[in-house]
Amino acid sequence: WERKLDALPRVVVIDTHLHDFSMPSGAQASLPLLMRVAYGRNQTHGYALLSWLTEALKARGYRFMTMQAIAKTVGENAI
């Protein structure tokens, strides 16, 4: 993972959804098998994975901004 993180571009967007952190009990059972496998893989690790990723990016000098702030910055610097 260290090499992959070092190869990231200057701008990284972290896109998450509520189900990455918490899924209502029983909701996963109603999903098709492939979706159950995908969502169940790290079902209880969402917060820990996000924390690890943000700390690793901070250590590499990344700053964190909302998409709204990025859009404003890009708009102000547009030619």
Side-chain angles (χ1 to χ4, degrees):
W1 283 106
E2 296 299 321
R3 285 195 331 223
K4 289 184 179 190
L5 289 174
D6 290 337
L8 289 173
R10 286 185 9 194
V11 176
V12 175
V13 175
I14 300 173
D15 180 26
T16 63
H17 301 91
L18 187 56
H19 64 256
D20 294 325
F21 304 104
S22 177
M23 187 174 285
S25 61
Q28 192 171 346
S30 64
L31 295 173
L33 177 61
L34 185 58
M35 298 297 283
R36 283 196 313 266
V37 171
Y39 288 127
R41 185 168 168 239
N42 291 311
Q43 184 176 7
T44 60
H45 305 293
Y47 288 109
L49 290 170
L50 180 62
S51 178
W52 171 83
L53 178 58
T54 55
E55 291 304 316
L57 292 174
K58 282 181 192 175
R60 287 166 174 75
Y62 283 87
R63 295 181 298 143
F64 293 86
M65 302 170 72
T66 64
M67 291 301 288
Q68 183 178 8
I70 292 171
K72 182 178 178 187
T73 301
V74 169
E76 290 171 353
N77 294 314
I79 297 175

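- In this structure the side chain of V11 never reaches within 4.5 angstrom of the side chain of Y62, judged on heavy atoms.
- Hydrophobic clustering, with ILVMFWY side chains joined whenever heavy atoms are under 4.5 angstrom apart, groups W52 together with F21.
- Side-chain contact between I14 and T16 is present, with heavy atoms from C-beta onward closer than 4.5 Å.
- Shown here is Q68, whose CD atom has no more than 12 heavy atoms of other residues, nucleotides or ligands within 6.0 Å.
- In plain terms, the two heavy atoms of K58 and F64 that are nearest each other are CG-CE1, 3.3 Å.
- The same ILVMFWY cluster, assembled from side-chain heavy atoms under 4.5 Å apart, contains both L57 and Y47.
- Across all their heavy atoms, M65 and T73 have their closest contact at CE-OG1, 3.8 Å.
- Rounded to the nearest 0.5 Å, atoms CG (L50) and NE2 (H45) are 14.5 Å apart.
- In the hydrophobic clustering of this structure, L31 does not group with V37; members are Ile, Leu, Val, Met, Phe, Trp, Tyr whose side-chain heavy atoms approach within less than 4.5 Å, directly or through other members.
- Here E2 pairs with R60 in a salt bridge; the nearest charged N to carboxylate O distance falls below 4.0 Å.
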